[in-house]
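If you read the sequence from its start, that first residue is 1, and numbering goes on from there. None of the values given here were measured: they were computed from a predicted structure.
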Amino acid sequence: MSDKQTLAELFATDPLITDDEREIRDTVAAFASSKLRPHVAEWFEDGSLPVRELAAGLGELGVLGMHLDGYGCAGMSATTYGLVCTELEAVDSGLRSFVSVQGSLAMFAIHEFGSEEQKEQWLPDMAAGKAIGCFGLTEPDFGSNPAGMRTNAKRDGDDWVLSGTKMWITNGSVADVAVVWARTDLGEGSKGVRGFVVPTDTPGFSAPEIKHKLSLRASVTSELVLEEVRLPGSAMLPGVEGLRGPLSCLNEARFGIVFGSVGAARDCLETAIDYAGERDVFDKALSGYQLTQAKLADMALEWGKGMLLALHLGRLKDAGSLRPEQVSLGKLNNVREAIKIARECRTILGANGITLEYPIIRHANNLESVLTYEGTSEMHQLMIGKALTGHDAFR
């Protein structure tokens, strides 16, 4: 038998990243292997995640808000952050989701649009993992169309009073601070949407956890309920008006998914390759059959194209030229192919593929959520279609 190549060797992806990027990626991969991977199947089965403990470790590692500058943040490149997302999601999508919501949604919103007081109050502790954030945009009846949100903020003297409900909020019930988007009277329609920094111990705020999930089980998912939550005028994010604020935050999170999803796909592929090499079928290794090799070759090809696309988009983002429709290209392609890879790898493992002894069914279940959150495939298709035709087909 000839020497085997890894996926990275086959596509020669390592020479495309710098020594510093590789060192940080490998450090996070080692942390994930020793601290996260041994426990993740149990967390998934139990439907729980020790968020406080993990936040402290990830904060010490420097990955929370790592692509932001100042206020205790590491100030790393977008590509480096993407590679970290790859390693975290290679363990579990729920772990990458935690880091993504903390850094690319909650911290990014405060960093990009917050007042100096808000930044100083929250960002250093969030970067260190001492404070946990969540991001309240999606509502029970409004996901793809956030302009229809019903959560409202009404002025009462110098204060704002928030009322409404948000749904499917990662970290919600364990968060110290929520960035909540609400409709105000500061403009007509979606122009009146503003963001608010809401300490979760504010009277009227509650976050019941959502249970009975069959996907992203190693992740805390909650509802946010705001019942006349009174906030000072200084709680509003002063740096943005309308939906541009939350949508720009979503693009940050989607960028992490572009990289993260290929991590999940890689873990499935590596598991299937190892299994096929050890499993004998009709007195011969399963990996020695043409049909198995055809499956592996096709999946490897899609993985490689996804990884190369992610790295290309990372370089565009580092150069300051990445556009939203390009993020949609990456999110649509990489998640769609990752879930196909997970399902096909499951067939190579047969019945063993549905147990938590192996990671494949866990990745497949998680990717069902990743496929539709931060923008469904259909919404990203329409973003790309609009870019190609100049016509807006959302309505």
Side-chain angles (χ1 to χ4, degrees), residues 48-59 64-65 71-73 97-140 149-184 193-211 219-239 245-246 249:
S48 64
L49 191 70
V51 175
R52 291 285 170 188
E53 178 184 340
L54 292 180
L58 292 166
L64 301 178
Y71 307 98
C73 302
S97 289
F98 167 73
V99 171
S100 179
V101 168
Q102 178 85 346
S104 291
L105 290 179
M107 290 179 70
F108 177 82
I110 296 171
H111 187 276
E112 192 77 0
F113 307 122
S115 66
E116 191 63 29
E117 179 184 359
Q118 290 167 338
K119 295 175 188 179
E120 293 284 359
Q121 180 181 0
W122 291 109
L123 292 179
D125 281 350
M126 294 176 79
K130 296 177 181 177
I132 294 169
C134 66
F135 185 86
L137 177 63
T138 298
E139 298 191 356
M149 72 174 67
R150 296 194 180 105
T151 298
N152 63 81
K154 296 181 179 179
R155 282 180 288 195
D156 184 10
D158 293 333
D159 294 344
W160 287 98
V161 179
L162 273 63
S163 298
T165 303
K166 301 293 183 179
M167 196 69 172
W168 307 116
I169 309 301
T170 298
N171 302 344
S173 59
V174 294
D176 300 287
V177 61
V179 174
V180 176
W181 301 90
R183 186 184 297 277
T184 73
V193 171
R194 296 292 188 277
F196 295 85
V197 179
V198 184
T200 59
D201 59 0
T202 306
F205 181 97
S206 61
E209 187 172 355
I210 297 171
K211 295 290 191 178
S219 177
V220 175
T221 310
S222 310
E223 184 180 6
L224 302 185
V225 180
L226 300 103
E227 298 177 301
E228 296 191 347
V229 174
R230 180 174 293 273
L231 300 168
S234 60
M236 189 174 72
L237 294 171
C249 297

Fill in the blank from the handout: For P238 and S115 the tightest heavy-atom approach is CD-N, 3.6 Å
Problem - side chain to side chain contact (heavy atoms under 4.5 Å, CB included) against K154, all qualifying residues, sequence neighbours excluded - result: N152
Completion exercise
In short, G136 meets I169 closest at the heavy-atom pair CA-CD1, 4.0 Å
Problem - Pairs satisfying side chain to side chain donor-acceptor pair (under 3.5 Å), at least one member in residues 166-175, at least two apart - result: E139-K166, S173-S222
Exercise for the section: Could you pull out all residues at least two apart from D156 that satisfy side-chain hydrogen bond (donor to acceptor under 3.5 Å, both in side chains)? Expected result: R230
Exercise for the section: Can you sort out the partners of V193 under side chain to side chain contact (heavy atoms under 4.5 Å, CB included), two or more places apart, ordered by chain and number? Expected result: M149, W181, L243
Exercise for the section: Applying side-chain contact (heavy atoms from CB on, under 4.5 Å) between V198 and each of V179, V180, V177, report the one that passes. Expected result: V180
Practice task
Please examine the side chains of I132 and F98, heavy atoms only from C-beta on, and report whether any two atoms are closer than 4.5 Å.
Solution key: yes
Handout entry: Any residue meeting salt bridge (charged side-chain N to carboxylate O under 4.0 Å, His left out) with D176, in chain and number order, not counting sequence neighbours
Key = R52
Completion exercise
Output for pair (L64 CG, S104 OG), nearest 0.5 Å, gives 10.5 Å
Handout entry: Closest contact, heavy atoms only, G72 versus A127
Key = O-CB, 3.5 Å
Problem - E228, CD atom: more than 12 neighbouring heavy atoms under 6.0 Å - result: no
Exercise for the section: Measure the shortest side-chain to side-chain distance between L224 and F135 over non-hydrogen atoms and say whether it is less than 4.5 angstrom. Expected result: no
Problem - D158, CG: over 12 other non-hydrogen atoms inside 6.0 angstrom - result: no
For residues 119-126, which side-chain N or O atoms pair as donor and acceptor with protein atoms under 3.5 Å away, sequence neighbours left out?
unit_1: K119; atom_1: NZ; unit_2: H111; atom_2: O; d: 3.3

Handout entry: Q118 side-chain N/O to A235 backbone N/O, donor-acceptor pair under 3.5 Å
Key = yes
Practice task
Tell me, please, which residues at least two apart from M167 pass side chain to side chain contact (heavy atoms under 4.5 Å, CB included).
Solution key: P140, I210, E223
Problem - Any pair counted as salt bridge (Lys or Arg N to Asp or Glu O under 4.0 Å), so long as it reaches residues 104-116, sequence neighbours left out - result: none
Completion exercise
Applying ring pair (Phe, Tyr, Trp, His ring centres under 6.0 Å) to F196 and not counting sequence neighbours gives W160
Completion exercise
Minimal heavy-atom distance between G172 and A207, with the atoms involved, is O-CB, 3.5 Å
Fill in the blank from the handout: With sequence neighbours left out, the residues meeting side chain to side chain contact (heavy atoms under 4.5 Å, CB included) with A128 are K130
Practice task
Provide the closest heavy-atom pair for P208 versus V225 in the form atom of the first, atom of the second, distance.
Solution key: CD-CG2, 4.2 Å
Exercise for the section: Find the distance between OG1 (T151) and CG (L226) and round it off to the nearest 0.5 Å. Expected result: 6.5 Å
Exercise for the section: Answer yes or no: is there a side-chain heavy-atom contact under 4.5 Å between R150 and R183? Expected result: no
Completion exercise
Minimal heavy-atom distance between L237 and I110, with the atoms involved, is CD2-CA, 4.3 Å
Problem - Pairing residues for E117 by the salt bridge (charged side-chain N to carboxylate O under 4.0 Å, His left out) criterion, not counting sequence neighbours - result: none
